[in-house]
There are 2 protein chains.
Amino acid sequence: MSNTKALPLLDPAPGEAAAPCCPPLTERPFTADEAETAARMFKALGDPVRLRLFSAVASHEGGEACVCDISDVGVSQPTVSHHLKKLKEAGLLTSERRGTWVFYRVEPSVLAAMGRLLTRAAPTS
Amino acid sequence: MSNTKALPLLDPAPGEAAAPCCPPLTERPFTADEAETAARMFKALGDPVRLRLFSAVASHEGGEACVCDISDVGVSQPTVSHHLKKLKEAGLLTSERRGTWVFYRVEPSVLAAMGRLLTRAAPTS
DNA sequence: CACCTGTATCGATGAGCGTCAACATAGACG
DNA sequence: CGTCTATGTTGACGCTCATCGATACAGGTG
């Protein structure tokens with residue numbers, strides 16, 4: 001159930017390619033709400049296995065990969081599935097069943113939003 | 001104890017301002033070692049309170065702030081101290097006692113390294 | 001020196017998370 | 001329809017972590 005439900009970490013403003021959840025970290029102190037939203041993304045990438053899976057998908061051809069292609073991360077198959085689900089719930093990945101295999105694909109706008117988060121707003125001093 | 005011990009998440013290559021621990025996420029599948037290193041940074045920012053504290057320091061004037069200026073995040077003072085220690089251990093902050101107060105300051109090179117991690121290598125989708 | 005303020009540490013507690021084995025489901029193929 | 005492969009789900013276990021109150025330490029002030 002809830003296959004279509006994935007809490008978006010971005011404002012899905014139509015017409016805007018990537019509306020970030022928050023300003024750059026260095027621009028303003030985060031509010032409790034902004035911090036909660038952004039921390040969810042960071043926490044999703046805060047596990048080595050998840051980071052490897054995400055990197056494997058992101059670096060794969062076309063930005064998508066079958067589970068069978070990336071499941072060699074040293075943990076059991078249920079654990080891989082569990083982490084992929086977590087990444088999907090965090091809005092970092094989307095999944096699509098294609099015949100026997102399930103393909104995961106990165107959400108490019110989220111990547112851009114996170115990059116903007118860490119972009120130094122004022123590099124001077 | 002271990003006041004001077006802070007595991008650096010960057011290669012402290014002399015002469016190189018910011019030597020990132022890892023390539024961009026989209027460039028190559030992370031190795032187990034790279035993932036472990038990078039995940040430590042993400043995990044440090046994966047808590048709303050820590051993210052607020054870090055953002056408060058990063059956005060403060062001069063990139064540094066006294067604890068008394070940023071400790072209004074809804075948790076007790078020991079918890080604030082605990083999270084600041086975690087951020088320091090992750091290499092994201094440095095601390096310096098100046099009289100009565102302790103000032104925390106961001107490590108700019110780490111911020112740049114993390115930004116590079118999330119920089120899309122191939123923006124042409 | 002006594003006292004006050006700011007910050008760190010300690011010990012405990014409760015919640016959350018990563019992991020696995022076992023089982024369930026989906027599609028392909030005969 | 002039966003079976004095989006690929007993937008997701010469930011339940012349980014152990015560990016880590018976020019949080020707090022109490023306490024300790026540091027430094028300024030009288």
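Values reported hereafter were calculated over all heavy atoms of this structure, with side chains retained and with hydrogens, waters and symmetry mates removed.
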Chemist: Go through D:dC20, C:dA8, D:dG8 for me and flag the one nearest to the B:V102 side chain.
Modeler: C:dA8

Chemist: Closer than 4.0 Å, any side-chain N/O of B:S76 to the OP1 or OP2 of D:dC20?
Modeler: yes

Chemist: To the nearest Å, give me how far apart NZ (B:K85) and P (D:dA18) are.
Modeler: 13 Å

Chemist: For the pair made of CD1 in B:I70 and P in C:dG6, what is the distance, rounded to whole Å?
Modeler: 15 Å

Chemist: May I have the distance from A:R98 (atom CZ) to D:dA6 (atom C1'), rounded to whole angstrom?
Modeler: 15 Å

Chemist: What contact category does B:R50 fall into here, base, sugar-phosphate, or nothing, at under 4.0 angstrom with non-hydrogen atoms?
Modeler: sugar-phosphate

Chemist: Please check if the side chain of A:T119 supplies one atom and the backbone of A:G115 the other of a donor-acceptor pair under 3.5 Å.
Modeler: yes

Chemist: Just to be sure I understand the rule, does A:H83 reach a base, reach only the sugar-phosphate, or reach nothing, if contact means heavy atoms closer than 4.0 Å?
Modeler: sugar-phosphate

Chemist: Among D:dA18, C:dG6, C:dG18, which is the nearest nucleotide to the side chain of B:H82?
Modeler: D:dA18

Chemist: Between C:dT19, D:dG8, D:dA6, which nucleotide gets closest to the side-chain atoms of A:V75?
Modeler: C:dT19

Chemist: Side-chain N or O of B:K86 less than 4.0 angstrom from OP1 or OP2 on D:dA18?
Modeler: yes

Chemist: Have a look at A:V57 and tell me which of A:L92, A:D69, A:V67, A:V106 forms a side-chain contact (heavy atoms from CB on, under 4.5 Å) with it.
Modeler: A:V106

Chemist: Is the backbone N or O of B:L25 less than 3.5 Å from a side-chain atom of A:S59, with the two atoms forming a donor-acceptor pair by type?
Modeler: no

Chemist: Select base, sugar-phosphate, or nothing to describe what A:V49 touches, counting heavy atoms under 4.0 Å on all strands.
Modeler: sugar-phosphate

Chemist: Do B:Q77 side-chain and C:dA8 base share a donor-acceptor contact under 3.5 Å?
Modeler: yes

Chemist: Could you tell me whether the side chain of A:R52 and the main chain of A:V73 form a donor-acceptor pair under 3.5 Å?
Modeler: yes

Chemist: Nearest whole angstrom, please: distance from the P of D:dA18 to the CD of B:E89.
Modeler: 11 Å

Chemist: Rounded to whole Å, please give me the gap between CG in B:L84 and P in D:dT19.
Modeler: 12 Å

Chemist: Hey, does B:S81 reach any base, or is it just sugar-phosphate, or nothing, if we go heavy atoms under 4.0 Å?
Modeler: base

Chemist: Between A:R97 and B:V80, which is nearer to the 5' end of DNA chain C once each is assigned its nearest nucleotide?
Modeler: B:V80

Chemist: How many whole angstroms separate atom CH2 of A:W101 from atom C1' of C:dT25?
Modeler: 17 Å

Chemist: Are any of the side-chain heavy atoms of B:F42 and A:M41 separated by less than 4.5 Å?
Modeler: no

Chemist: Can you tell me how far the OG atom of A:S55 sits from the CG atom of A:L45, to the nearest 0.5 Å?
Modeler: 10.0 Å

Chemist: By nearest atom, which of the nucleotides D:dG28, D:dA6, C:dA22 is closest to the A:T100 side chain?
Modeler: D:dA6

Chemist: Whether the side chain of A:R50 engages the backbone of A:A44 through a donor-acceptor N/O pair (distance < 3.5 Å, no angle test) should be reported.
Modeler: yes

Chemist: Could you state the CD-P distance from A:E96 to C:dA26, rounded to the nearest angstrom?
Modeler: 17 Å

Chemist: Under 4.5 Å between side-chain heavy atoms, hopping through other hydrophobics if needed: is there a path connecting B:V102 to B:F54?
Modeler: yes

Chemist: With a 4.0 Å heavy-atom cut-off, tell me which residues in residues 51-69 of chain A come close to DNA chain C, sorted by residue number.
Modeler: none

Chemist: Nearest whole angstrom, please: distance from the P of D:dA18 to the CG of B:L87.
Modeler: 10 Å

Chemist: Measure from the side-chain heavy atoms of A:K43 and tell me the nearest of D:dT19, C:dC17, D:dA6.
Modeler: C:dC17

Chemist: Give one of base, sugar-phosphate or nothing for A:Y104, where a contact means two heavy atoms less than 4.0 Å apart.
Modeler: sugar-phosphate

